[in-house]
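Working notes for the structure below.
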Amino acid sequence: MRRKLAAGNWKMNGTSESLAELDALRSAHPAPQVDVLICPPATLVTSAVVSVADHDIAIGGQDCHAKPNGAHTGDISASMLKDAGASYVILGHSERRTDHVEIDGLVRQKTLAAHASDLIAVVCVGETLEEREAANTLDIIAGQLAGSLPDVLNAQNTVIAYEPVWAIGTGKVPTTDQIGEVHDHIRAKLEQRYGEGVGRSIRILYGGSVKGSNADEIFAVSNVDGALVGGASLKASDFSPIITALEKA
Ligand code: PEP
């Protein structure tokens, strides 16, 4: 009942030459059986939207400001992303939380801004290695969900991404039991807060060193509805096997 989602986060990578990767993805997946999303840097959103015209690949932003407009040099609002043709926006990524000191309350404001502009918010949560080693993972995730999500949302405008900070870009991946434990916990928290119907329908992605070689086992875990992929989304040749694995899961 939950449509799977393969999402790529290009981070601060890519110039107009990288749009060739979107062409390659289109050719490799003319009619994907799962949702496919690419979040390029803001400079490429408009041209990426043009590149995927008439195809099911969606384009998203990697962040937005909490306010709709104003004196915020260097920032981009949700309505600007929407105007550029984006349909999703990643919010609360651990790199934003660390590099820009984004706290849960701000992520919540940004999520509201995304919803107000009719963007699907991909809200990221995840524990550090220290928090995991201190056996605090589930409490940390519950706290991030409670603080980062607004009181009203639905499965059409919100996706959760569980991204253990220590697994991002490191090649380290939690065991499938560890992933399953956190995804089941997130599902339970969503059902508790938003009711069973909404809580059961919200997609929960896993993110952190997902590759073609580990995608099958990760996608077999309960309550894993897809992936948020960094490094392995930059090249169509790396991302394509992940899409294929998700289609087969
Ligand atoms: C990410 O940054 O969202 C991510 C999961 O990165 P990577 O796949 O490179 O670990």
I'd like to know if the side chain of [X] and the backbone of [Y] have a donor-acceptor N/O pair within less than 3.5 Å.
X	Y	answer
Asp238	Lys235	no
His185	Leu138	yes
His100	Glu102	no
Gln62	Cys39	yes
Lys82	Asp118	yes
Arg203	Ala155	no
Gln144	Gly126	yes
Arg26	Ala53	yes
Tyr206	Gly208	yes
Arg97	Cys124	yes

Report the C-alpha distance between Leu91 and Asp63 in whole Å, list the side-chain angles of each, state the deciding distance to 0.1 Å, and finish with yes or no for side-chain contact (heavy atoms from CB on, under 4.5 Å). CA-CA 5 Å; Leu91 296 172; Asp63 177 51; 4.1 Å; yes
Please step through side-chain contact (heavy atoms from CB on, under 4.5 Å) for the pair Ser209 and Lys172, ending with a clear verdict. CA-CA 7 Å; Ser209 298; Lys172 292 182 192 154; 5.7 Å; no
Do the side chains of Arg108 and Asp151 get close enough for a salt bridge, i.e. N-O under 4.0 angstrom?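 Between Asp151 and Arg108 there is a salt bridge, with a charged N closer than 4.0 Å to a carboxylate O.
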Side-chain contact test, heavy atoms from C-beta onward, threshold under 4.5 Å: evaluate it for [X] versus [Y] and give yes or no.
X	Y	answer
Val159	Leu228	no
Asp225	Leu5	no
His55	Pro32	yes
Ile76	Cys64	no
Ile186	Val182	yes
Ser77	Asn69	no
Val123	Lys110	no
Arg96	Val107	no

Side-chain donor-acceptor pair present, [X], [Y], cut-off under 3.5 Å:
X	Y	value
Glu21	Ser18	no
His29	Ser240	yes
Glu163	His93	yes

Atom of [X], atom of [Y] and distance for their closest heavy-atom approach:
X	Y	value
Tyr194	Pro150	OH-O, 2.6 Å
Gln33	Arg3	O-NH1, 3.4 Å
Thr111	Ala121	CG2-CB, 3.9 Å
Ala84	Val45	CB-CG1, 3.8 Å
Ala113	Ala78	O-CB, 3.5 Å
Val224	Phe219	CG1-CD2, 4.1 Å

Test of understanding: clusters of I, L, V, M, F, W, Y form through side-chain heavy atoms closer than 4.5 Å, transitively. Do [X] and [Y] belong to the same one?
X	Y	answer
Leu37	Ile168	no
Leu205	Ile179	no
Leu25	Trp10	yes
Ile242	Leu22	yes
Ile218	Val165	no

When you look at Arg2 and Asn223, which way does the side-chain contact (heavy atoms from CB on, under 4.5 Å) test go after all the steps? CA-CA 10 Å; Arg2 295 185 296 268; Asn223 280 313; 3.4 Å; yes
Begin from the C-alpha positions of Val198 and Leu190 and carry the test side-chain contact (heavy atoms from CB on, under 4.5 Å) through to its verdict. CA-CA 8 Å; Val198 172; Leu190 293 174; over 6 Å; no
To the nearest 0.5 Å, how far apart are [atom1] in [X] and [atom2] in [Y]?
X	Y	atom1	atom2	answer
Ile59	Ser51	CD1	OG	7.5 Å
Ile141	Ser148	CD1	OG	10.0 Å
Ile120	Ile90	CD1	CD1	12.5 Å
Ile160	Ile204	CD1	CD1	7.0 Å
Leu119	Leu81	CG	CG	6.0 Å
Tyr162	His183	OH	NE2	7.0 Å

